[in-house]
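We count ligands from 1, going down the list as the structure has it; atoms in each ligand are counted the same way.
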Amino acid sequence: MKVTIIVLLCSLIWGNSLAYSQSIYRNRKVIILDAGHGGIDSGTVSEDGLLEKDVVLDIALSMMAWNKGLLDSKYDIYLTRNKDTLISLENRTKLVKHLKPDVFISLHCNHINETNIHGAEIYTYDSNELSLLYAKAILNKLNQDLNFKTRKPKEGNFQVLRETKEHCPAILLELGYLSNSNESDYLNDSQNRKALALSILMSI
Ligand SMILES: [Zn+2]
């Protein structure tokens with residue numbers, strides 16, 4: 001008989017950190033990937049027309065493909081969108097509330113009116129320990145594998161983080177700046193996007 005036990009692992013291990021109700025009998029780690037934007041919302045745009053919504057969707061789909069092809073479906077991965085459609089922020093978080101994944105990763109690209117600024121960044125809502133562990137692991141791996149410039153995780157009051165924080169570790173990953181020509185050129189190459197996808201997946 002399958003018995004589901006709700007555990008408060010996080011509070012036991014990390015004292016005052018948030019506790020998440022997850023089944024310890026789940027066979028596979030559940031990951032929800034949220035490719036930001038979509039449809040009429042392109043997100044940020046590089047000077048030569050590369051759209052954030054396309055970059056992040058391709059990376060999310062590549063992570064699915066790596067998981068299946070290389071890792072023999074080690075993880076149970078769900079996407080908030082798998083094509084070029086705009087999903088409301090509310091519906092993105094509904095999936096999280098329902099599945100209570102082991103981690104929720106919202107994928108984005110950055111943009112700023114200063115073309116020299118570059119690098120990957122990760123936001124967490126309130127720096128809870130588990131979210132920070134994922135954030136640091138991903139940033140370290142991106143730096144080691146791909147020599148990506150990375151910054152320390154920051155706190156960000158984003159709706160997808162605010163509304164998911166009670167249900168799972170949640171991070172918002174900014175995969176470089178489309179306003180920086182080196183990073184937008186890098187992200188414009190599908191092989192590079194596959195490498196990014198693999199690096200993120202292996203860091204989990
Ligand atoms: Zn974005």
message = With a 6.0 Å cut-off on the ring centroids, do Tyr123 and Phe158 count as close?
response =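 When the ring centroids of Tyr123 and Phe158 are compared, they turn out to be within the sub-6.0 Å range.
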request  = Quick one: list whatever passes side chain to side chain donor-acceptor pair (under 3.5 Å) with Asp189, sequence neighbours left out.
outcome  =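 Partners of Asp189 under the side chain to side chain donor-acceptor pair (under 3.5 Å) test: none.
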2.8 Å shell around the Zn ion (ligand 1), exclusive bound, protein N/O/S atoms =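 For the Zn ion (ligand 1), the figure is 3.
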Basic-acidic side-chain contact under 4.0 Å: Lys53, Asp84 =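 Salt bridge present between Lys53 and Asp84.
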message = Quick check on side-chain contact (heavy atoms from CB on, under 4.5 Å): which of Leu201, Leu107, Leu175, Asp145 does Leu196 satisfy it with?
response = Leu175
query = Taking atom types as modelled and ignoring hydrogens, do the side chains of Glu183 and His118 form a donor-acceptor contact shorter than 3.5 angstrom?
reply =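 There is no such pair (donor and acceptor under 3.5 Å, judged by atom type) between the side chains of Glu183 and His118.
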ask   = How far apart are the closest heavy atoms of Lys194 and Ser62, and which atoms are they?
value =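 Looks like CG-OG, 3.9 Å.
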